[in-house]
Amino acid sequence: MPELPEVETIVNSLRPRVVGKTIIGIVVRDTRPIQQIGVEEFCRRLMGRSIRGLSRRGKYIIFSLSHKNNLVVHLRMTGALLWNPAGPEPFSRLEFVLDDRSKLVYTDVRRFGTFCLARDAGKIVGKLGIEPLNKEFTRPALAAYLGTRSTPVKTALLNQERIAGIGNMYADEALFAAGIHPLRPSSSLKPQEIAALHRSIRAVLKKAVKNQGASIRNYRQPDGEAGRAHEEFAVAHRGGQACPHCSTTITRIVVGQRGTYLCPHCQTAPGMTTLKSRTKGLTGQ
DNA sequence: CATTGTCCCTGGAAGC
DNA sequence: TGCTTCCAGGGACAAT
């Protein structure tokens, strides 16, 4: 599932391959991903445009195009952007042919992904919150946000309008690394817990970017390779396995309709007072 | 406004 | 073996 580290990896991989190229062909195998406008207009506004730049905001990918246009892509659950895939892709939905004859193929088993065209990308990504890897994501900013919320802290971390890019897996990993139970009310976190969570969020995301994302399900890099970040997950998608710190069996609960993995020993349950910081091995580098 | 719940979608796993 | 049922979950949207 592409979250911030996966999208960052995709953008970094694609950038040198597509920036400066011109779109000379489009194959629409499925119209569902195309939002707000018809297929015809979508193609007309993309054909002959050159790709000037590629960037990420939250979990969105932004292709900056000539003629002041932006193609804003969200991969949702199972979307992938593949560059010159070796064979036919069974779930190919859109294909873009570039002027060097290279092909950018959008595949998506479950068809949740979206493609939007906008003169102003802010119209789509403008509501997103702070980028957790940017300087503006400070400990006081996190404290100010969490301090006023009663929702479970995990739910708060998933709110894209406040912090952009954290998804289900990395919320679990960050909370484990900080020793915080996902069901703790946001406003109940103590200053030292907020400090630990702030460090953990950055450390977990940075480490995952370095490992080129996590291939839990369908995620692939544009060259078709899997990521390695999931190999180092402590709890995410590891129900039934042993906690790397205390060997307690990792459990799965549901928080805000999302599957949630945690160590019941290391992550103090709501209402309990013991604080166990688990930031070891995550230097935040 | 904050918060909760429903829906979208389909392959793969689990159950019978 | 083959059929049916359930599950995964980001974000839009509706309801409270």
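Computation of the quantities below employed the complete heavy-atom set of this structure, encompassing side-chain atoms and omitting hydrogens, waters and symmetry-equivalent molecules. Chain letters run A, B, ... following the sequence lines, proteins first, then strands; residues in each count from 1.
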Ring pair (Phe, Tyr, Trp, His ring centres under 6.0 Å): which pairs involve residues 50-83 of chain A, sequence neighbours left out? A/Y60-A/H74
Output the rounded distance in Å from CG (A/N168) to C1' (C/dG10). 10 Å
With sequence neighbours excluded, give me every salt bridge (charged side-chain N to carboxylate O under 4.0 Å, His left out) pair touching residues 225-236 of chain A. A/K207-A/E232
Has A/K59 got a side-chain N or O lying under 4.0 Å from the OP1 or OP2 atom of C/dG10? no
Specify the separation, in whole Å, of atom NZ of A/K127 and atom P of C/dG10. 17 Å
Using atom CD of A/E161 as one end and atom C1' of C/dC13 as the other, report the distance to the nearest whole Å. 12 Å
Which pairs pass side chain to side chain donor-acceptor pair (under 3.5 Å) with one or both residues in residues 126-137 of chain A, sequence neighbours excluded? A/R56-A/E131, A/R57-A/E131
Is A/D100 reaching over with its side chain to a backbone N or O of A/S102, donor-acceptor style, under 3.5 angstrom? yes
Give the other cluster members for A/F91, using side-chain heavy-atom distances under 4.5 Å between Ile, Leu, Val, Met, Phe, Trp and Tyr residues; answer none if it is isolated. A/V109
At under 4.0 Å, does any side-chain N or O of A/Q160 touch on OP1 or OP2 of C/dG11? yes
Could you tell me how the ring of A/F115 sits relative to the ring of A/F96: parallel (under 30°), tilted (30 to 60°) or perpendicular (over 60°)? parallel
Integer-rounded Å distance: C/dG10 P and A/L128 CG: 14 Å
Residue pairs meeting ring pair (Phe, Tyr, Trp, His ring centres under 6.0 Å), one or both in residues 34-56 of chain A, sequence neighbours left out, come to none
Can you tell me which residue pairs pass the ring pair (Phe, Tyr, Trp, His ring centres under 6.0 Å) test with a partner in residues 118-167 of chain A, sequence neighbours excluded? A/F137-A/H198
Residues from residues 3-13 of chain A sitting under 4.0 Å of DNA chain C, heavy atoms only? none
Tell me: CD1 of A/I166 to P of C/dG10, nearest whole Å? 12 Å
Find the distance A/L157:CG to B/dT3:P and express it as a whole number of Å. 14 Å
May I ask you to list the residues of residues 139-154 of chain A, by number, that have any heavy atom positioned under 4.0 Å from an atom of DNA chain B? A/R149, A/S150, A/T151
Going by salt bridge (charged side-chain N to carboxylate O under 4.0 Å, His left out), name the residues that satisfy it together with A/D223, two or more places apart in sequence or in a different chain. none
Atom CZ of A/R57 and atom C1' of C/dG10 are separated, to the nearest Å, by 16 Å
For each nucleotide in nucleotides 6-11 of chain B, reading 5' to 3', give B when a protein heavy atom comes within less than 4.0 Å of its base, S when such contact involves only the sugar-phosphate, and - otherwise. B-BBBS
Quick one: A/N159 CG to C/dG11 P, roughly how many Å, whole number? 10 Å
Check: A/Y106/A/D108 side-chain N/O donor and acceptor closer than 3.5 Å: yes
Please determine if A/R44 and A/E40 form a salt bridge, counting it only when a charged side-chain N lies under 4.0 Å from a carboxylate O. no
Please confirm whether the ring centroid of A/F176 lies under 6.0 Å from the ring centroid of A/H245. yes
With respect to the phosphate group of C/dG10, does any side-chain polar atom (N or O) of A/H74 fall under 4.0 Å of OP1 or OP2? no
Is A/I24 isolated, or which residues cluster with it under the ILVMFWY side-chain rule of less than 4.5 Å, directly or via members? A/V97
Inter-end axis angle, the helix from B/dA2-C/dT16 to B/dC16-C/dG2, with every axis fitted to five base pairs (rounded, 10 degrees): 50°
Under a plain distance cut-off of 3.5 Å, with no hydrogens placed, do A/Y219 and A/Q212 share a side-chain donor-acceptor pair? no
Please determine whether a side-chain nitrogen or oxygen atom of A/R162 lies at a distance below 4.0 Å from atom OP1 or OP2 of B/dA2. yes
